[in-house]
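One structure below.
Counting starts at 1 for both ligands and their atoms, in listed order.
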Amino acid sequence: MNNFIFKEISSKEEMNKSYAIRTRVFCEEQKISKEIEFDNLDHLCGHFLIFDGVKAIGTARVRQKEKGLLKIERVAVLKEFRRLKVGSILIKNVIKHYLHLDYNKSIILHSQVAVADFYKTLSFSAYGNEFYEDGIPHIAMKYVKN
Ligand SMILES: CC(C)(COP(=O)(O)OP(=O)(O)OC[C@H]1O[C@@H](n2cnc3c(N)ncnc32)[C@H](O)[C@@H]1OP(=O)(O)O)[C@@H](O)C(=O)NCCC(=O)NCCS
């Protein structure tokens, strides 16, 4: 049975585990350049990991865009761990982490169009027109609180 554990990153070692997942998923699998992936905004973000036991298998970061507006970015689950609800556990916990004290905050993200249905299962709604980011079709989405 899987034992998925959510954690806010609190050490350089954990940050390196997140970088390793992002390198595998975005740079190697999706062919996004390292210059774009590692965009010098990481120091402005909160970072999170999901572990299966001791192995880091998923990651995400959250950037405060302006007061009260948060943007989830760099959501990635290792290929061999997909469709096991790892991404769902990750995003649900990220939302809980930011909203449990302050329900006035808004959470947005830019979803790759190919995975917008994943975010729809997590109460995100699409808005606006599709656009290209890093050569990949995207759509803006906003978390709609129940
Ligand atoms: C998108 C991603 C994070 C989803 O993670 P995951 O752990 O596989 O997702 P879950 O298992 O929690 O999926 C929950 C539900 O979301 C939907 N879903 C998940 N992945 C989907 C996909 N690729 N396409 C459409 N719907 C999807 C399904 O309804 C799924 O439920 P089901 O498996 O019972 O059908 C993962 O596929 C990934 O890392 N992809 C590569 C990187 C990426 O594209 N990141 C997003 C950048 S915006």
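- Using a heavy-atom distance under 4.0 Å as the criterion, the protein contacts of ligand 1 are V25, F26, Q30, V75, A76, V77, R82, R83, L84, K85, V86, G87, S88, H110, S111, Q112, A114, V115, D117, F118, Y119, T121.
- Crowding of K142 atom NZ: a count of heavy atoms from other residues, nucleotides or ligands under 6.0 Å not exceeding 12.
- Residues D39 and R74 come closest through the heavy atom pair OD2-NH2, 3.0 Å.
- Checked for salt-bridge contact, R24 and E80 meet the test: a charged N lies under 4.0 Å from a carboxylate O.
- Atom NZ in K31 sits 9.0 Å away from atom CD in E29 (nearest 0.5 Å).
- Of all non-hydrogen atoms in G58 and I21, the two that sit nearest each other are N-CD1, 3.5 Å.
- Counting only distance, with no hydrogens or angles, the side chain of H47 and the backbone of M15 share no donor-acceptor pair below 3.5 Å.
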